[in-house]
Undergrad: 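First, the structure itself, so that you have it in front of you.
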Amino acid sequence: MTIVEQVKETLKQEIVAAVERAGLATREEMPAVLLETPKEKAHGDFATNMAMQLARVAKKNPRQIAEELTAELDTKKASVEHIEIAGPGFINFFLNNRYLLELIPAVLTEKQAYGRTNSGEGQRVQVEFVSANPTGDLHLGHARGAAVGDSLCNILDMAGYNVEREYYINDAGGQIHNLALSVEARYLQALGQEAALPEDGYQGEDVKVIGEELAAEHGERYAGVAEEERLAIFRELGLKHELDKLKEDLTQYRVEFDNWFSETSLYESGKIEETLLKLKEDGHVYEEDGAVWFRSTAFGDDKDRVLVKQDGAYTYLAPDIAYHLNKFERGFDKLVNIWGADHHGYIPRMQAAIQALGFEKSQLDVEIVQMVSLLRSGEKVKMSKRTGNAVTLRDLMEEVGLDATRYFFAMRSADTHMDFDMDLAVSESNENPVYYVQYAHARLCSIFRQAEEKGMAFKEEASIETLGSEKEIDVLKKVGQFPEIIDLAADQYAPHRLANYLHELAAVFHSFYNAERMVDPDAPELTQARLKLAKAVQITLQNGMNAIGVHAPERM
RNA sequence: GCCCUGAUAGCUCAGAGGAAGAGCAACAGCCUCCUAAGCUGUAGGUCGCAGGUUCGAAUCCUGCUCAGGGCGCCA
């Protein structure tokens, strides 16, 4: 527990004790104590709505309750300096904030571990994200999903969960057959032969490149092979190329997976049969019109779903159910799927499926990442994957750069439609929010360099007793919120909470920097103390930026 | 027709029962001094509309309007 949490906990306990002493409520009637950090400084360091919550129980008006409550409060124990009753009955606490100084040695000791909590209690969570079909380049939407998923995994990890990242490779369905046909056509074209792409083939540049590479590498070797065998070969080669490219792009994007899970492996291992049999034995499937159906309506879906088509082939759902059974069998306490908005209609049937398999609905969380449209020169750019003119992840990384791209996706709530403003993301000016946070870090690095040049290099053992100005306390308060923010972001699956926090942390630091001289040869003791404070800010910024995949530059 | 998101300052968006917020843009200031990609201040609001629940609603419920997405024996 951090010092901030300890202080809050003590204050909460004192509030409860005061309510009891004042006879306002019994222990049974006691509402949960909500202690929040007010947005307005004038509202104190902490505030509680306790008096309002007690209005019904105590049958008095909230301001009256607040008076009686605060009269009984042991202010010494809770290091409260003074109390104000405000508005409809808020109790605002103004504390002696010197306890915040204790944060500095704590942060300096914990270093990369500052911000880590134990909220997750080591629970095993598997997060499946991106999982784009290996049939083309990752586009804008995947880039968002990858950024959100990776940031979320980092945050869950910091919050004490045991996280595993997984990519589900859809390497079994019709789209892969289509890929094989498309590769074949491009290969033959590269050899100068007449060959047309299939009607719904992949027109992307990447498939064309694969065909050309194969032609260059193998010449006409595959041209004479029998159709079936040839397609099998192109299927494998095409898949390998696509997967290699996906992995390379994602790695460059700072997104690493622990596991790449092949859909085909579910066919080969007999897992799908096994799963269907289990569902059948438990009475969740039936046959009709020559197809096998899953009675998903029994678990809240709005219609039943086909598992085995009339032609005997599985639908996408059948292996996907087997996949989720497999996930649970690997011992995860919780599964998180991050899906694009175009898959949201799929949620009820998947939730139905895991319940049919005997699991709780709450063991699977599906997070939807909403659509992204691209804005260039203030206008929406029309994109189509089929015609291959979509903006790819690779384009973004090259044109915008990694830090700006990752930050832009991290700073927006994932469940809102997003316009990716290309001009803003590219601009190297104060209009671009990513630089605000990065600049704070670069500035910190610069301060340490300056101090060294002036013979006042940072000393870990320096005293911090001279600290205590208003700006310094503001900075420390913000630094102290970091673990709470990690917990909040983990709990809500909301990486943007962290991005927003980093912006706030940068803001209080910039303000402090402008108000007071950090490195002052005339005040060596204060300089040392401030360098220690600066170090705590630097560590917090680094840990936070690291979690959202943005680099912390030493100079700008 | 049904389902999912969204609608909050001029723009882009946070906030999800408790005291309307940030960035950008606008306006007025701050570099003989540690990086001005910074800081300080001013202005800017029927929280889409209408009801309801509550001591209290931007937040919860119902209906509606608008925008985007989804409703395959595709994946």
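Only a predicted model underlies this, so the values are computations on that prediction, with no experimental measurement involved. The chains referred to below are lettered A, B, ... by the order of the sequence lines, with proteins before strands, and numbering in each begins at 1.
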Undergrad: Taking only the side-chain heavy atoms of A/His417 (C-beta and beyond), determine which of B/C73, B/G68, B/A37 contains the nearest atom.
TA: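 Between B/C73, B/G68, B/A37, the one nearest the side chain of A/His417 would be B/G68.
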Undergrad: Using atom CE of A/Met52 as one end and atom P of B/G56 as the other, report the distance to the nearest whole Å.
TA: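 Atom-to-atom, A/Met52 to B/G56, this comes out as 12 Å.
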Undergrad: Rounded to the nearest angstrom, tell me the gap between atom NE2 in A/His343 and atom P in B/C71.
TA: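 Atom NE2 in A/His343 sits about 9 Å away from atom P in B/C71.
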Undergrad: Quick one: which of B/G18, B/G15, B/U40 gets closest to the side chain of A/Arg497?
TA: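 Minimum distance to the A/Arg497 side chain belongs to B/G15.
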Undergrad: Just compare B/A37, B/A19, B/G18 and give me whichever is closest to any side-chain atom of A/Tyr435.
TA: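 Nearest to the side-chain atoms of A/Tyr435, counting from C-beta on, is B/A37.
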Undergrad: Looking at B/C34, B/A75, B/C73, which one has an atom nearest to any side-chain atom of A/Val519?
TA: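 For A/Val519, the side-chain atoms sit closest to B/C34.
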Undergrad: For A/Ala86, which contact category applies under a 4.0 Å heavy-atom criterion: base, sugar-phosphate, or nothing?
TA: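 Contact class for A/Ala86: base.
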Undergrad: Looking only at the side chain of A/Arg412 (C-beta and beyond, no hydrogens), which of the listed nucleotides B/U40, B/G18, B/C13 gets closest?
TA: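 My answer, after comparing the listed nucleotides, is B/C13.
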Undergrad: Counting Watson-Crick and G-U wobble pairs only, both distances under 3.5 Å, name the nucleotide matched with B/A26, or none.
TA: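 Looking at the geometry, B/A26 pairs with B/U42.
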Undergrad: Any side-chain heavy atom of A/Val475 within less than 4.5 Å of one from A/Val537?
TA: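 A side-chain contact exists here, since the closest heavy-atom pair is under 4.5 Å.
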Undergrad: Which nucleotide in the set B/C13, B/U40, B/A75 lies at the smallest distance from any side-chain heavy atom of A/Tyr346?
TA: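 Closest nucleotide to the A/Tyr346 side chain: B/A75.
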Undergrad: Nearest heavy atom decides the nucleotide; on that basis, is A/Gln175 or A/Leu34 closer to the 5' end of RNA chain B?
TA: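 Of the two residues, A/Leu34 wins.
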Undergrad: Taking CD1 from A/Ile272 and P from B/A75, how many angstroms apart are they, rounded to a whole number?
TA: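 Whole-Å distance recorded here is 11 Å.
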Undergrad: Indicate, with a heavy-atom threshold strictly under 4.0 Å, whether A/Glu84 touches base, sugar-phosphate, or nothing.
TA: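 Since no nucleic acid heavy atom lies under 4.0 Å of A/Glu84, the category is nothing.
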Undergrad: Is the shortest side-chain N/O distance from A/Lys309 to OP1 or OP2 of B/C74 below 4.0 Å?
TA: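 Answer yes for this pair, as a side-chain N or O of A/Lys309 is under 4.0 Å from OP1 or OP2.
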Undergrad: Indicate syn or anti for B/C31, taking the glycosidic torsion and treating anything within 90° of 0 as syn.
TA: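 Judged by the O4'-C1' to base torsion, B/C31 sits in syn, the angle falling within 90° of 0.
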Undergrad: What I'd like to find out is whether the side chain of A/Met518 reaches to under 4.5 Å of the side chain of A/Tyr513, using heavy atoms alone.
TA: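 Sidechains of A/Tyr513 and A/Met518: in contact.
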Undergrad: With a 4.5 Å cut-off on side-chain heavy atoms, are A/Glu367 and A/Ile338 touching?
TA: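 Sidechains of A/Glu367 and A/Ile338: in contact.
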Undergrad: Which value, in whole Å, describes the distance between the P atoms of nucleotides B/A19 and B/A57?
TA: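 The same atom, P, in both gives a distance of 11 Å.
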Undergrad: Sort out the partner of B/C47 for me: Watson-Crick or G-U wobble, both distances under 3.5 Å, none otherwise.
TA: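 Across all strands, not a single nucleotide pairs with B/C47.
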Undergrad: Determine the Euclidean distance between corresponding P atoms of B/A16 and B/G63; express it in Å to zero decimal places.
TA: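 Their P atoms lie roughly 25 Å apart.
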Undergrad: Is A/Arg235 salt-bridged to A/Asp171, cutoff N-O under 4.0 Å?
TA: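 Not counted as a salt bridge, because no side-chain N and carboxylate O are separated by less than 4.0 Å.
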Undergrad: Is the phosphate of B/A37, meaning OP1 or OP2, less than 4.0 Å from a side-chain N or O of A/Ser427?
TA: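 For A/Ser427, the contact criterion (side-chain N or O under 4.0 Å from OP1 or OP2 of B/A37) is not met.
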Undergrad: Rounding to the closest angstrom, what is the interatomic distance between B/G38 and B/A43 at atom P?
TA: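 One P to the other, the span is 23 Å.
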Undergrad: Regarding A/Lys327 and A/Glu166, does a basic nitrogen lie under 4.0 Å from an acidic carboxylate oxygen?
TA: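 Not counted as a salt bridge, because no side-chain N and carboxylate O are separated by less than 4.0 Å.
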Undergrad: On the nucleotide B/A14, are OP1 or OP2 found under 4.0 Å from the side-chain N or O atoms that A/Ser413 carries?
TA: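 It does, given that an N or O in the side chain of A/Ser413 lies less than 4.0 Å from OP1 or OP2 of B/A14.
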Undergrad: So which nucleotide does B/A9 pair with, by the Watson-Crick or G-U wobble rule with both distances under 3.5 Å?
TA: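 No nucleotide pairs with B/A9.
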Undergrad: Could you tell me if the side chain of A/Leu276 sits less than 4.5 Å from the side chain of A/Lys280, heavy atoms only?
TA: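 A side-chain contact under 4.5 Å is absent here.
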Undergrad: Examine distances only and state if a side-chain atom of A/Asp45 and a backbone atom of A/Leu95 form a donor-acceptor pair shorter than 3.5 Å.
TA: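 Judged by distance alone, yes, a pair lies under 3.5 Å.
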Undergrad: Considering only atom C1', compute the distance from B/G45 to B/U54 and round it to an integer number of Å.
TA: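 The same atom, C1', in both gives a distance of 24 Å.
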Undergrad: Donor-acceptor pair, distance only, cut-off 3.5 Å: does the side chain of A/Ser446 make one with the backbone of A/Arg555?
TA: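 Judged by distance alone, no pair lies under 3.5 Å.
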Undergrad: What's the gap between B/C24 and B/U40 when it is taken at their P atoms, as a whole Å value?
TA: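 Those two atoms are separated by 11 Å.
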Undergrad: Determine: side-chain N/O of A/Arg443 to OP1/OP2 of B/A36, distance under 4.0 Å, yes or no.
TA: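 A/Arg443 to B/A36 OP1/OP2: side-chain N or O found under 4.0 Å.
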Undergrad: Would you check if A/Phe482 and A/Leu541 make a side-chain contact, meaning some heavy-atom pair closer than 4.5 Å?
TA: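 No, too far: nothing below the 4.5 Å cut-off.
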Undergrad: Quick one: does A/Asn92 reach the base of B/A19 with a side-chain donor-acceptor pair under 3.5 Å?
TA: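 Side chain to base: pair present.
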Undergrad: Between B/C74 and B/C60, how far apart are the two C1' atoms, rounded to whole Å?
TA: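 That atom pair is separated by 38 Å.
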Undergrad: If you check every side-chain atom of A/Gln450, which of B/G68, B/A75, B/C34 has the closest atom?
TA: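 The nucleotide sitting nearest to the side chain is B/C34.
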Undergrad: Categorize A/Ala47 for me: base, sugar-phosphate, or nothing, with a 4.0 angstrom heavy-atom threshold over every strand shown.
TA: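 Base contact - A/Ala47 has a heavy atom under 4.0 Å of at least one base atom.
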Undergrad: Could you list, one pair per line, each protein nitrogen or oxygen that sits under 3.5 Å from a nitrogen or oxygen of nucleotides 20-29 of chain B, together with the distance?
TA:
{"unit_1": "B/G21", "atom_1": "OP1", "unit_2": "A/Glu40", "atom_2": "OE2", "d": "2.7"}

Undergrad: Once you round it to whole Å, what is the distance between P of B/C3 and CD of A/Gln351?
TA: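 Nearest whole value for this atom pair: 18 Å.
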Undergrad: Any side-chain N or O of A/Ser511 less than 4.0 Å from the OP1 or OP2 oxygen of B/U40?
TA: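 The answer is yes; a side-chain N or O of A/Ser511 sits under 4.0 Å from OP1 or OP2.
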Undergrad: In whole Å, measure the gap between the P atoms of B/C49 and B/U59 for me.
TA: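 Per the computed distance, 10 Å lies between those P atoms.
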Undergrad: What is the distance, rounded to the nearest whole Å, between atom NE2 of A/His496 and atom C1' of B/C13?
TA: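 After rounding, the gap between these two atoms is 10 Å.
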Undergrad: Roughly, in whole Å, what's the span from NE2 in A/His510 to P in B/G38?
TA: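 The answer, rounded to whole Å, is 6 Å.
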Undergrad: Are any side-chain N or O atoms of A/Asn432 and backbone N or O atoms of A/Ala425, one a donor and one an acceptor, separated by less than 3.5 Å?
TA: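 Yes, because the side chain of A/Asn432 sits within donor-acceptor range (under 3.5 Å) of the backbone of A/Ala425.
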Undergrad: Once you apply a heavy-atom cut-off of 4.0 Å, does A/Asn500 come out as touching a base, just sugar-phosphate, or nothing?
TA: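 Sugar-phosphate contact only.
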Undergrad: Over all heavy atoms of both residues, which pair between A/His441 and A/Pro553 is shortest? Give the atoms and the distance, please.
TA: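 That closest heavy-atom pairing would be ND1-O, 2.9 Å.
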Undergrad: Using a 4.0 Å heavy-atom cut-off, does A/Ala341 contact any base of the nucleic acid, only the sugar-phosphate backbone, or nothing at all?
TA: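 Sugar-phosphate contact only - A/Ala341 comes under 4.0 Å of backbone atoms but never of a base.
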Undergrad: Measuring only the C1' atom in each nucleotide, how far is B/G68 from B/G52? A whole number of Å is fine.
TA: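 That atom pair is separated by 29 Å.
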Undergrad: How long is the line joining NE2 of A/His344 and P of B/G69, in whole Å?
TA: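 One finds 12 Å between P of B/G69 and NE2 of A/His344, rounded.
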Undergrad: Given that A/Lys303 and A/Arg56 both sit by RNA chain B, which one's nearest nucleotide is further toward the 5' end?
TA: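 Counting from the 5' end, the first nearest nucleotide belongs to A/Arg56.
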Undergrad: In whole Å, I'd like the distance from the CH2 atom of A/Trp339 to the P atom of B/C3.
TA: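 Nearest whole value for this atom pair: 20 Å.
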